[in-house]
Amino acid sequence: MLLVAWLHLTAHLPFRFCDVILTVVGYILAETGQNSLVPYLRGTLTSSMSLLRLEPSIRTYPTCPSCLEVYPESVKADMNARCAVCGHPLFKVEETPPGRTGRRRGGRPGYKPYLRTPAKSLTEQLADLVREPGMEEALVSWRKRVRLPGTLNDFFDGAISRELLGPDGKPFFRHDLDEDPDGELRIGVALGPAVWSSQKPWACFVLTSNNRYRAGNLLLSMIIPGPKESDPDQTQRFVRILVNELIRLWRDGVVLPTYTCPNGRRIRVILVGVFCDKPAAHKLGGFGSHAHTFFCTRDWISQGQKATKEAFIPNGFRARTDKHHRLLMEEYRQATTKSAREEHASMYATRWSELARLPYFDMCRMVVVDPMHNLFLGMLLYLTLPSRLGRLPRLIGEPAGGSLTADQWLILATVVGPLALPELWEGIPADTNDNDFLRERVETIRRRIIQRKTMRKGKGASGATGRGQGAPGSATEPRRSTRVRKPTEKAKELVLDDDDAGAYLDEDDEVWDDENEDNEASDGSHLRARDLTTFLKLCAALRLFLSDTITDEQLEQADRLLREYCQEIVELYGEDVIRPNHHYATHTAEFVRDYGPLRGYWTFIFERLNKILKSFRTNNHEGGEIETTFFREFYRAARLHGMLTEGLKYPSDSVFHQTCRLMQDVTANGRGTLQQLAEDLEDMYIDDNVLLSFSPRSSRESMDQQVYYALLAYMQTRYPLQSFRSDLSLGQSPESTMLVNMATVFDYVVIAGYRYYAASRSAHMANCLALIRVSEAGRTWVGRIEHIIRYERPSMQGHEMFAYVRWLRPAPDGWRSWLAYTLDHSRTAWRS
């Protein structure tokens, strides 16, 4: 049964084929005389997953296909029900599959909703979470962490955790108490929606970062059905369901059985923040479109001011406040006509948000534009880089290389770029106050942007008019293709908000995406030394912002570097390259002060879920069926991975352990699947809080000659009173001990929460680098771990654990230029 469940979830084997496998296995058991086992075998995949507790219990809310009004499941009792808002029928007669009568028991025809929304209540998911052993201790482990003034380690060092109030008017998270009041268990959750898939995943913020994003702890609450994206007012109809439950869980709480309190313990929940990309932030927070004239959720800057000096200085514009935003939202809601609401949204960039019903929620501070989208997809996306950077990814810097993902920009800006660019900049002319050069370059960039915008508009106009317009083939006009260009996937999904009418629309999203444009960056003729200096300021700021721990001093320095970078971009490349993201970035320090280091709430995990959902084949399914399927598969995959992980805790020689190991090994490279996502999340965070552990997979084999003789020299140094000899030499003393060339080698070792792989047993050399302390005085050196070995000492008790390392050399001083912008001047770049 575990086998067919695994085949279905990882290899997408259809249900009917899984049922055949189960039936055949039953025949084989009966034929081989194992009749006693047949009753324990289920005949269908559905019953097998129920027995294995892989099948989730979810709700499917009937939804109006016209206005997207959501209705409770109880409305299914009336198959003639209509939408109370627009009058559209909610149900339709179910199509009859071939060979069936089309009628159910009792002679009634089958009905199904035109559209359905899959959901699972937060209460149900928390009930499963708190029943797990050790989960209650993990949920309160934040109290045991030492807090240092002026240092931000996690969410509970930020301002929001201390300012959130409970229903009694006192702080929700009691930092002054050793435990939650009245024996309660208080949980903070964060909402991380993705606008293109309209997922509504939650993450428990009271968990430490190593547990927060593990597959079993992610709470997927809802998926808004497609195929089109909901508009801002329609989105709030789905948010209303979440807010209704959040109000109950904050005000009254819920009594649930836990692992330590099987008779029940009161759980109280609070929403600590919403972390998402810009479009989702504007929709959920009741702000105008992200392309509106007043585009910022934190202050009242306008599109025309985004490239001014005030855009990049602290408090350059009047701040938005929660009180004023709630007042404008209420005015929008009280408007009696649609035209009045749209006029209000166009003027004040404000709409109604259901989140305003949460009395503790600060609408302007607690809706956060995720740093992944803003810093890595917004600001870095428009950098022009030389094409000689190598293979991260292939053809990086060239149009043919395509766009980079957020995690690729992260690696480029914080690791590869600072190390590679200084060397690549050799020979670039030094700055000599060449104002003519800067003016010429700024003007060139401006002309290119205008040209590309004009070309894009021209293509759209030609596609709209089609054939027969103008005079194709005339002597005065060059002949152009009359083929109608198919819209891109992004264009198909894009639904402009109503308040875009009359507002500024940012058209720069694809201004650099021209695959036919020759790359002019490789020759370096349009670059200067100051370009590198400016980019390295951004790299240093990102490195500080992305630290696991950040001090007030480092935060101020990162904020200053980021603002200087934005100001210098205007000077070096002109106002036309500045986008709203550059101003959004100036609020990054405010986000960190409120919520702690950025790594605690970026949305890489949610975006991977989004990407996997987009890869699902619809097979002409509609009405929310594909969303419901994905919803079920997400929970099945997470639970299956948990079962396989538990199976690895059985003795290594047991059949169950070997079966689970084989299944995990086969799916190790299954990129783009829910099962692989669950495994990656577990691997990413499972090592935290582990002091010392070795890989479960190992082998007994002879060592390389270099390793063997290094071990011999080590043993002679470690035990000077004992004489050792190799297996090829004769001992001069009868008391000498021969070292047998046989040892146990491991794939990796976990030390203090970090996993180090052996290069001899790993395909990824970057995972084998380590910073190693080489002296009692604390001196460190970087090396590549070649082998991780356990050697059983002959005729001596115990064993030796060691790693064979190849040391790296410090890089030339020229590689250290980017480190001048950081507080730690002692860091060194290394090379092989």
Quick one, [X] and [Y] - any side-chain contact, counting heavy atoms below 4.5 Å?
X      : Y      : result
Pro597 : Leu152 : yes
Tyr573 : Asp531 : yes
Ile550 : Asn153 : no
Asp277 : Val369 : no
Val782 : Ile772 : no
Glu800 : Met715 : yes
Phe656 : Leu2   : yes

Arg790: which residues meet the side chain to side chain contact (heavy atoms under 4.5 Å, CB included) condition with it, sequence neighbours left out?
Thr744, Phe746, Glu792, His799, Met801
Taking only residues two or more places apart in sequence or in another chain, which ones pass side chain to side chain contact (heavy atoms under 4.5 Å, CB included) with Arg147?
Trp142, Arg145, Asp154, Phe156, Asp157
Any luck finding a side-chain donor-acceptor pair between [X] and [Y] under 3.5 Å?
X      : Y      : value
Glu568 : Thr534 : yes
Asn741 : Ser702 : no
Arg806 : Gln706 : yes
Arg761 : Ser695 : no
Glu553 : Thr551 : no
Tyr565 : Arg563 : no

Closest approach of [X] to [Y] (non-hydrogen atoms, all atoms of both residues):
X      : Y      : value
Thr549 : Gln554 : O-OE1, 3.9 Å
Cys768 : Ala758 : SG-C, 3.8 Å
Gly647 : Cys660 : CA-SG, 3.7 Å
Val750 : Arg755 : CG2-NE, 4.2 Å

For a side-chain contact (heavy atoms from CB on, under 4.5 Å) check, start with the C-alpha distance between Asp559 and Leu561, then their side-chain angles and the critical distance, and finish with the verdict.
CA-CA 6 Å; Asp559 184 49; Leu561 288 171; over 6 Å; no
May I ask you to decide if the ring planes of Phe155 and Tyr595 are parallel, tilted or perpendicular, using 30° and 60° as cut-offs?
parallel
Working for side-chain contact (heavy atoms from CB on, under 4.5 Å), residues Gln716 and Gln722:
CA-CA 7 Å; Gln716 292 174 341; Gln722 176 72 34; over 6 Å; no
With distance as the sole test, does [X] use its side chain to make a donor-acceptor pair with the main-chain N or O of [Y] at under 3.5 Å?
X      : Y      : value
Thr659 : Val655 : yes
His582 : Cys566 : no
Ser654 : His657 : yes
Trp807 : Arg784 : no
Thr588 : Ala585 : yes

Derivation and outcome, side-chain contact (heavy atoms from CB on, under 4.5 Å), residues Ile785 and Leu769
CA-CA 6 Å; Ile785 300 176; Leu769 298 177; over 6 Å; no
In short, salt bridge (Lys or Arg N to Asp or Glu O under 4.0 Å) pairs touching residues 703-712 with sequence neighbours left out are none
With rounding to the nearest 0.5 Å, note down the distance linking [atom1] in [X] to [atom2] in [Y].
X      : Y      : atom1 : atom2 : answer
Leu712 : Met703 : CG    : CE    : 9.5 Å
Asp552 : Thr151 : CG    : OG1   : 7.0 Å
Ser699 : Asp747 : OG    : CG    : 8.0 Å
Asp548 : Leu598 : CG    : CG    : 11.0 Å
Leu538 : Thr533 : CG    : OG1   : 13.0 Å
Leu9   : Arg639 : CG    : CZ    : 11.5 Å

Ring pair (Phe, Tyr, Trp, His ring centres under 6.0 Å) with Tyr748: of Phe694, Tyr756, Tyr757, only one passes, and it is Tyr757
Under the side-chain contact (heavy atoms from CB on, under 4.5 Å) criterion, do Leu711 and Tyr804 qualify, and how do the steps go?
CA-CA 9 Å; Leu711 172 64; Tyr804 183 78; over 6 Å; no
Mark yes when over 12 heavy atoms from residues, nucleotides or ligands other than Arg700 sit less than 6.0 Å from its CZ; otherwise mark no.
yes
Do Glu564 and Arg560 meet the salt-bridge criterion of a basic N to acidic O distance under 4.0 Å?
yes
